[in-house]
Protein chains: 2
Amino acid sequence: MLTGREFCVTRIEKTNTSASLPQKCQHCTMRHAGLCATLTAPEMVQFNAMSHTKHFSAGQLIRLEGEPVSFYANVISGAAKTIKSTHDGRQQIVGLILPGDFIDRVFVEHAPCSVEAMSDMELCAYPRGRFEAIVKKDPDLEHRLLTLALDDLDQAEEWMLLLGRKTAREKVASFLLLLARRSHHFSCPHLVSERQAFAGPLTIHIPMTRNNMADYLGLTTETVCRQMTSLRKDGVIDLPDNHCFTCPDIERLEQEADR
Amino acid sequence: MLTGREFCVTRIEKTNTSASLPQKCQHCTMRHAGLCATLTAPEMVQFNAMSHTKHFSAGQLIRLEGEPVSFYANVISGAAKTIKSTHDGRQQIVGLILPGDFIDRVFVEHAPCSVEAMSDMELCAYPRGRFEAIVKKDPDLEHRLLTLALDDLDQAEEWMLLLGRKTAREKVASFLLLLARRSHHFSCPHLVSERQAFAGPLTIHIPMTRNNMADYLGLTTETVCRQMTSLRKDGVIDLPDNHCFTCPDIERLEQEADR
DNA sequence: CCGGAGCACTGATCTGGATCAGAATGGCAG
DNA sequence: CTGCCATTCTGATCCAGATCAGTGCTCCGG
């Protein structure tokens with residue numbers, strides 16, 4: 001079995017062989033493999049030199065809101081959430097962090113949100129000081145970081161539409177679609193055509209509990225459950241087990257998600 | 001009366017005399033006066049050289065989603081909204097653009113959202129090509145733009161908590177609080193203490209219709225109206241007329257907004 | 001002056017999703 | 001194996017906010 005470090009390096013090398021990869025997919029508006037995909041060979045060497053693998057187990061806190069940030073990291077495996085909460089305890093997940101994503105905002109002294117692992121995670125971590133030193137000397141790299149931040153903003157705005165205006169069923173469908181697109185990406189970004197990869201009903205892992213889904217969608221656990229069974233009964237998805245689903249017809253799911 | 005151009009220049013000069021202003025207020029997490037506040041004297045000269053005033057009237061479209069971007073701009077007066085909508089017409093305002101804000105994301109070829117004026121507006125516009133050329137040659141300026149994008153992301157995440165987890169009353173209160181903080185900023189950023197400035201019940205302008213408020217808060221017009229009258233009856237705010245309010249006790253309003 | 005359009009507001013009713021309650025399942029420790 | 005706990009799921013009920021319907025106000029053009 002590979003260690004996280006090896007895996008990370010492998011990915012960087014692979015993505016760099018296939019010349020200038022676009023940062024965004026024209027079909028799904030998702031970014032591909034985050035920062036790593038944009039690194040040049042010399043940058044890659046620098047980052048690898050200072051990287052080390054970190055592990056977190058499900059439920060563990062990676063960052064606490066307001067605490068000083070000590071490292072940045074690429075997610076190798078697992079999933080995390082960034083949380084905001086009202087003072088009386090209602091909470092809203094404001095960001096999903098999946099394999100290929102970067103934690104967290106560059107040049108922000110203190111963490112703007114808490115980050116918590118939703119499953120066991122493997123990170124490729126970079127010490128904050130050394131990471132920022134490299135970025136400061138490389139305007140082009142900073143430009144790419146700016147672009148990534150703008151992509152995050154895009155996604156946040158898309159999610160505001162979901163939270164403010166979509167029904168429970170549309171919310172759940174949109175979420176499953178997001179997972180489908182993200183899982184697909186990370187496994188084979190740009191190597192096969194979108195449609196081809198979506199053709200077969202591939203199995204998609206849901207790396208979190210129904211409760212976390214609810215907190216991400218602005219719903220309750222019960223409502224998420226009901227919508228999941230409703231989508232299953234209507235043949236939109238299959239649910240072989242609690243943490244997996246397959247989708248026989250992605251276009252149908254897109255329709256359910258509305259946008 | 002001043003023209004927009006004169007006003008914009010005046011502000012730039014004023015903010016630059018008072019040495020390195022912080023970009024964020026420690027009390028309210030809002031950014032102050034956007035890009036302008038961070039410009040150095042030589043940058044200011046460059047920007048002024050290529051700026052020209054643009055006017056838009058209420059309801060006019062400033063950007064159409066997906067269309068190529070031809071200019072960036074600082075807002076001098078008035079208010080605009082950025083919109084996302086489902087394919088069946090439900091719409092959600094994902095961003096408020098108020099005086100001091102910057103339109104729009106740098107280095108994004110095509111507009112990610114439509115932008116529409118909600119009142120008559122005066123902009124200080126910069127042609128896209130020339131603006132980007134300046135930024136590309138100035139890594140430090142790009143760094144500041146990155147920081148602004150991250151601030152926008154912060155605000156978007158705060159709004160996700162509101163959309164997903166707050167009640168109608170809390171939503172309306174949060175919105176009024178946002179307006180109060182923003183109006184106050186633009187008039188006197190960092191020149192007086194927050195508390196002092198908030199002490200008197202200053203009158204705050206609401207630069208949009210109830211319908212736009214609803215689209216920003218993920219509610220209906222009717223619910224916004226009801227919550228406004230409810231807050232008035234409970235003495236949280238006064239409503240001298242439809243597009244103004246005063247707040248006798250900001251802390252009370254903060255409590256109603258929950259966070 | 002009137003008439004019409006747009007906006008703010010209010011009352012009555014309806015309903016999607018929250019809340020409450022409990023059953024079924026599965027994983028794990030002993 | 002048994003017992004415990006966390007999680008998923010389902011049913012019954014409730015209620016915040018949507019929907020529907022109508023009033024009053026202001027602005028504006030003729």
Side-chain angles (χ1 to χ4, degrees), chain A residues 57-59 86 88-92 116-120 162-176 205-234 237-245 256 258, chain B residues 57-59 79 86 88-92 116 118-120 162-176 205-234 237-245 256 258:
Chain A
S57 45
T86 57
D88 66 343
R90 287 167 285 171
Q91 85 171 33
Q92 173 69 42
E116 190 187 314
M118 292 192 293
S119 65
D120 291 351
L162 176 140
L163 290 171
R165 291 298 184 210
K166 288 192 181 179
T167 64
R169 176 179 255 247
E170 288 167 338
K171 285 179 176 183
V172 171
S174 300
F175 174 77
L176 296 177
H205 184 237
I206 305 173
M208 65 185 81
T209 63
R210 297 285 186 268
N211 205 328
N212 279 322
M213 285 175 61
D215 282 343
Y216 193 35
L217 298 170
L219 297 170
T220 58
T221 317
E222 294 94 324
T223 303
V224 171
C225 284
R226 275 187 256 271
Q227 296 304 328
M228 290 290 280
T229 45
S230 158
L231 287 170
R232 177 174 52 73
K233 280 180 185 157
D234 297 350
I237 53 167
D238 289 322
L239 285 173
D241 82 87
N242 280 342
H243 292 281
C244 281
F245 74 98
E256 294 284 352
D258 191 296
Chain B
S57 44
T86 58
D88 67 341
R90 287 167 285 171
Q91 84 171 32
Q92 174 68 42
E116 191 187 313
M118 293 193 292
S119 65
D120 292 351
L162 176 141
L163 290 171
R165 292 296 183 211
K166 289 192 180 178
T167 64
R169 175 180 257 246
E170 289 167 338
K171 285 179 176 183
V172 172
S174 301
F175 174 77
L176 296 177
H205 185 238
I206 305 173
M208 66 186 81
T209 63
R210 296 286 185 267
N211 206 327
N212 278 322
M213 285 174 61
D215 282 342
Y216 193 36
L217 298 170
L219 298 170
T220 57
T221 317
E222 294 93 327
T223 302
V224 171
C225 284
R226 276 187 255 270
Q227 297 303 330
M228 290 289 282
T229 46
S230 159
L231 287 170
R232 177 172 52 72
K233 279 178 186 161
D234 297 350
I237 52 168
D238 290 322
L239 285 173
D241 81 88
N242 281 341
H243 292 281
C244 281
F245 75 97
E256 294 284 352
D258 191 295

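On a predicted model such as this, the values are computed, not experimentally measured, just so you know.
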- Query: So do the side chains of A/L163 and B/R165 get within less than 4.5 Å of each other, counting heavy atoms only?
  - Reply: no
- Query: Quick check: does any side chain N or O of B/D120 sit under 3.5 Å from a backbone N or O of B/A58, one acting as donor and the other as acceptor?
  - Reply: yes
- Query: Can you find a heavy atom in the side chain of B/E256 that is under 4.5 Å from one in the side chain of B/L176?
  - Reply: no
- Let me know the distance between CE of B/M228 and P of C/dC9, rounded to the nearest Å. 7 Å
- Item | Atom-to-atom span, CG of B/D241 to P of C/dA8 - whole angstrom | 11 Å
- Hey, does the side chain of A/T221 come within less than 4.0 Å of D/dC9's phosphate (OP1/OP2), counting only N and O? no
- Spacing between A/N242 atom CG and C/dG26 atom C1', to the nearest angstrom: 9 Å
- Task: Give the minimum heavy-atom separation between A/S57 and A/A117, together with the two atoms involved.
- Result: O-CB, 3.7 Å
- Item | Nearest-angstrom distance from the residue atom CE of B/M213 to P of C/dA8 | 9 Å
- Note on the structure: For B/A79, the side chain to side chain contact (heavy atoms under 4.5 Å, CB included) test, sequence neighbours excluded, returns B/L98, B/M118, B/S119, B/P207
- Message: Within the 4.0 Å limit for protein heavy atoms, which parts of nucleotides 11-21 of chain C are touched? Write it as a string from 5' to 3', B for base, S for sugar-phosphate only, - for none.
- Response: BB----SSBB-
- Nearest heavy-atom pair of B/P240 and B/C244: which atoms, and what distance? CD-O, 3.8 Å
All N/O contacts under 3.5 Å from nucleotides 23-28 of chain D to the protein, with atom names and distances to one decimal?
none

- Query: With sequence neighbours excluded, what pairs up with B/T86 under the side chain to side chain contact (heavy atoms under 4.5 Å, CB included) test?
  - Reply: A/L161, A/K166, A/D258, B/D88, B/R90
- Note on the structure: Here the distance between atom C1' of D/dC9 and atom CG of A/L231, to the nearest Å, is 15 Å
- List the atom of B/L162, the atom of B/K171, and the distance in Å for their closest heavy-atom pair. O-CE, 3.3 Å
- Message: Tell me the interatomic distance from A/M208, atom CE, to D/dT8, atom C1', rounded to whole angstroms.
- Response: 16 Å
- Note on the structure: To the nearest angstrom, the NE2-P distance between A/H243 and C/dG27 comes to 10 Å
- Item | Any A/N211 side-chain N or O less than 4.0 Å from OP1/OP2 of D/dT8 | no
- Note on the structure: Testing C/dC9, D/dT10, D/dT8 for proximity to the side chain of A/T209, the answer is D/dT8
- Query: If you look at every heavy atom in B/Y216 and B/Q92, which pair is closest and at what distance?
  - Reply: O-NE2, 3.2 Å
- Five-pair end axes of the helix from C/dC1-D/dG30 to C/dG30-D/dC1 and the angle they enclose, rounded to 10°: 30°
- Message: Checking A/D234 now: which residues fulfil side chain to side chain contact (heavy atoms under 4.5 Å, CB included) with it, not counting sequence neighbours?
- Response: A/R169, A/S230, A/V236, A/R252
Between side-chain atoms of residues 222-229 of chain A and protein atoms elsewhere (two or more places apart, or another chain), which donor-acceptor pairs fall under 3.5 Å?
residue	atom	partner	partner atom	Å
A/T223	OG1	A/T220	OG1	3.0
A/T229	OG1	A/C225	O	3.2
A/T229	OG1	A/R226	O	2.9

